[in-house]
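I have placed the structure first, in the form of structure tokens, so that the comments after it can refer back to it.
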Amino acid sequence: MTGPGLATALQEFAARESILVALDFDGVMAELVDRAENARPLPANATALATLAGLPGVHTALVSGRALESLLAVASPPESTLLIGSHGAERRLGPEAPPLELDEEQHRALAAVGQVLEQVAPRYPDSWVESKPAARVLQVRLARSEEARRRAVAEAEEALGELTGLAPFFIGHGKDVLEVAVVRADKGQGLDLLRSVTGAEAVLFAGDDVTDETGFARLDPARDVSIKVGPGETGAQFRIEGPADVATVLEAVRSWRP
Ligand SMILES: O=P(O)(O)OC[C@H]1O[C@H](O[C@H]2O[C@H](CO)[C@@H](O)[C@H](O)[C@H]2O)[C@H](O)[C@@H](O)[C@@H]1O
């Protein structure tokens, strides 16, 4: 899995009385796939998460850019697992998840953004637009070439730049996606919220995408553990190769629980 540095950090983390294990979904719990609705957690990751979720003093969470509804559908998380969706804009911290409410101006901005992306997508075969409660996402993973993916995103950004007179919207880049949200949220805020509602002494967070960097930045290396999954620049302390290594990390935490 890991170097000795990560093994030691996990052992120290697991020894704390109350811990939060928070995981990104796509590219961490699940391998990336062409269509978002087809992603599923690797069975070993799902089992390891469920085992941790049942231990005293262990809080578990999924912290995802997905809409909460989509996260629930693909992840089938344990009942007690806290959920952060839409990069922090949606939460399920108990049996009920309060619906995300947009004001009229935000609805108008979301519709305009959606229209722009819907105009760009057909020019790049097999690109499509995903709808989320507070965002629209141009999905270009299946576009013909790297150049086509780059052009689709650049074209969308240029057209978005011409929109005026709307409520603010926020552009984010993920893996083969351009995401435009009308609610400002990030995974760092999501982790802060989870830390405060759980009262956990220490937090482990694993993520694979640029959007996870705000989460890594919120962690304190003296007590928390941040893990980048896969390649790419990162501010995380540790790195593992891919989703297939996640279960090993979770099992290590379980094995060192007092
Ligand atoms: O924060 P995450 O849980 O990693 O969610 C981020 C985005 O996940 C989805 O897109 C990504 O996964 C898809 C399925 O593997 C893949 O096809 C796509 O290229 C990836 O970017 C989701 O569709 C987005 O809305 C999320 O923001």
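Remember, it's 1-based here, ligands and their atoms both numbered in the order they're listed. If you're wondering where the values come from, they're calculated on a predicted model, not measured in any experiment.
- Taking the charged nitrogens against the carboxylate oxygens, Arg151 and Glu147 do have a contact shorter than 4.0 Å, which makes a salt bridge.
- In the model, Glu213 has a side-chain atom that pairs as donor or acceptor with a side-chain atom of Thr234 under 3.5 Å.
- Using a 3.5 Å distance cut-off with no hydrogens or angles, the side chains of Ser226 and Gln237 do pair a donor with an acceptor.
- In terms of protein heavy atoms, atom 8 (O) of ligand 1 is closest to Asp26 OD2, 3.1 Å.
- Closest heavy-atom approach to atom 15 (O) of ligand 1 within the set Asp208, Val229, Val33: this belongs to Val33.
- Protein heavy atom nearest atom 19 (O) of ligand 1, with residue, atom name and distance: Arg141 NE, 2.7 Å.
- The salt bridge (charged side-chain N to carboxylate O under 4.0 Å, His left out) test applied to Glu17 returns no partner, not counting sequence neighbours.
- A side-chain donor from one of Glu179 and His87 sits under 3.5 Å from a side-chain acceptor of the other.
- The proximity of Val28 to ligand 1, defined as any non-hydrogen pair under 4.0 Å, does not occur for either the backbone or the side chain.
- Only one option out of Thr214, Thr211, Asp212 pairs with Asp186 in a side-chain contact (heavy atoms from CB on, under 4.5 Å); it is Thr214.
- For ligand 1, the atoms closer than 4.0 angstrom to any heavy atom of Ala36 are 14 (C), 23 (O).
- Ion pairing of Asp192 with Arg195 is absent here, as no side-chain N (NZ or NE/NH1/NH2) approaches a carboxylate O to less than 4.0 Å.
- In summary, the atoms of ligand 1 found under 4.0 Å from a heavy atom of Phe25, numbered by their order in the structure, are 3 (O).
- Judged by the shortest distance from any of its heavy atoms, Asp209 lies outside the 4.0 Å radius around the atoms of ligand 1.
- Below 4.0 Å from some heavy atom of Gly65 lie the following atoms of ligand 1, by number and element: 1 (O), 2 (P), 3 (O), 5 (O), 26 (C), 27 (O).
- A heavy-atom separation below 4.0 Å is found between Val177 and ligand 1.
- Taking a cutoff of 4.0 Å between a charged side-chain nitrogen and a carboxylate oxygen, Asp208 and Lys175 qualify as a salt bridge.
- Counting only residues at least two apart or on different chains, the ring-ring contact (aromatic ring centres under 6.0 Å, His included) pairs with a member in residues 156-207 are Phe205-Phe216.
- Residue nearest to atom 23 (O) of ligand 1, selected from Arg66, Lys175, Gln139: Gln139 (by heavy-atom distance).
- For atom 2 (P) of ligand 1, the nearest protein heavy atom (residue, atom name, distance) is Asp24 OD1, 2.8 Å.
- Per-residue contacts place Lys187 under 4.0 angstrom from the following atoms of ligand 1 (heavy atoms of the residue considered): 1 (O), 2 (P).
- For the residue pair Ala53 and Thr81, the shortest heavy atom distance occurs at CB-OG1, 4.2 Å.
- The pair Asp126-Arg141 does not count as a salt bridge, with every side-chain nitrogen at least 4.0 angstrom from each carboxylate oxygen.
- In this structure, atom 3 (O) of ligand 1 lies nearest to the protein heavy atom Ser64 OG, 2.6 Å.
- Taking a 4.0 Å cut-off on heavy atoms, His87 registers as neighbouring ligand 1.
- When each atom of ligand 1 is checked for a heavy atom of Glu179 under 4.0 Å away, the hits are 27 (O).
- Counting atoms of ligand 1 from 1 in the listed order, those under 4.0 Å from a heavy atom of Asp34 are 17 (O).
- In terms of protein heavy atoms, atom 26 (C) of ligand 1 is closest to Lys132 NZ, 3.6 Å.
- Remark: minimum distance from atom 22 (C) of ligand 1 to any protein heavy atom is reached at Glu130 OE1, 3.5 Å.
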